[in-house]
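Below: one structure, written as structure tokens.
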Amino acid sequence: EVQLVESGGGFVQAGGSLRLSCAASGFTFDDFAIGWFRQAPGKEREGVSSISNSNGRTSYADSVKGRFAISSDNSKNTVYLQMNSLKSEDTAVYYCAAARWSRRLSPSVNAWEYPYWGQGTQVTVSS
């Protein structure tokens, strides 16, 4: 059974940093891409970043480029999202999601391509 468990959310002031973790189990980690998505109240779910565990390629939404960094520790089956220079508009529930991914491709940040989802972790940034 595929399981994804997010952690690391919390409350932070604008300009601060948080690191989210996504611990994965139940599948061959190296064959999958892991994406981070977020959903703010009243808004649609938005792709934030993703990483392919097979080729190391990453993707970012324009809104977080230069501020967020995704990484993967394949020995721990865990993906991290380092979030720096946080803004109030980053406030949302953050989800990690997994999808089997070709090693020839860069990962996407399209939510519809990811069939497996965690429960989410709340990030609140005060201005």
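- Residue T121 holds its OG1 atom at 7.5 Å from CH2 of W36, rounded to the nearest 0.5 Å.
- Counted by atom type alone, S54 and D30 present zero donor-acceptor pairs between their side chains at under 3.5 Å.
- A donor-acceptor pair shorter than 3.5 Å cannot be found between the side chains of D31 and N53.
- Nearest heavy-atom pair, Y60 versus F68, reported as atom, atom and distance to 0.1 Å: CE2-O, 3.3 Å.
- The NZ atom of K65 lies 8.5 Å from the OG atom of S59; values are rounded to the nearest 0.5 Å.
- At least one test fails for R45 against the ring of F37: distance under 6.0 Å to the centre or angle within 45° of the axis.
- Side chain of S85 to backbone of R67: no donor-acceptor contact under 3.5 angstrom is found.
- Here the side chain of S63 pairs no donor or acceptor atom with the backbone of A61 at under 3.5 angstrom.
- With rounding to the nearest 0.5 angstrom, the CD atom of Q82 is 5.5 Å from the OG atom of S17.
- Among all heavy-atom pairs drawn from A24 and L4, the shortest one is CB-CD2, 3.7 Å.
- Between V12 and T124 there is no side-chain heavy-atom pair separated by less than 4.5 Å.
- The two residues L18 and V123 have their closest heavy-atom pair at CD1-CG1, 3.9 Å.
- In this structure, a donor-acceptor pair under 3.5 Å is present between the side chains of D73 and S75.
- Atoms CD1 and OG, on I34 and S50 in that order, are 10.0 Å from each other to the nearest 0.5 Å.
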Which pairs would a plain distance check flag for residues 91-104, meaning a side-chain donor or acceptor within less than 3.5 Å of a matching protein atom at least two apart in sequence or in another chain?
residue	atom	partner	partner atom	Å
T91	OG1	S88	O	3.0
T91	OG1	V125	N	2.9
T91	OG1	V125	O	3.3
Y94	OH	R38	NH1	2.9
Y94	OH	D90	O	2.6
W101	NE1	S106	O	3.1
S102	OG	R104	N	3.1
S102	OG	R104	NE	3.4

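- Taking CD1 of I70 as the reference point, atom CG of L20 lies at 10.0 Å (rounded to 0.5 Å).
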Name every donor-acceptor pair, under 3.5 Å, that has one atom in a side chain of residues 113-120 and the other anywhere in the protein, sequence neighbours excluded.
residue	atom	partner	partner atom	Å
E113	OE2	S108	OG	2.7
E113	OE2	N110	ND2	3.0
Y114	OH	S108	O	2.6
W117	NE1	Y114	O	2.6

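- For the atom pair S72 OG and F29 CZ, the distance stands at 3.5 Å (nearest 0.5 Å).
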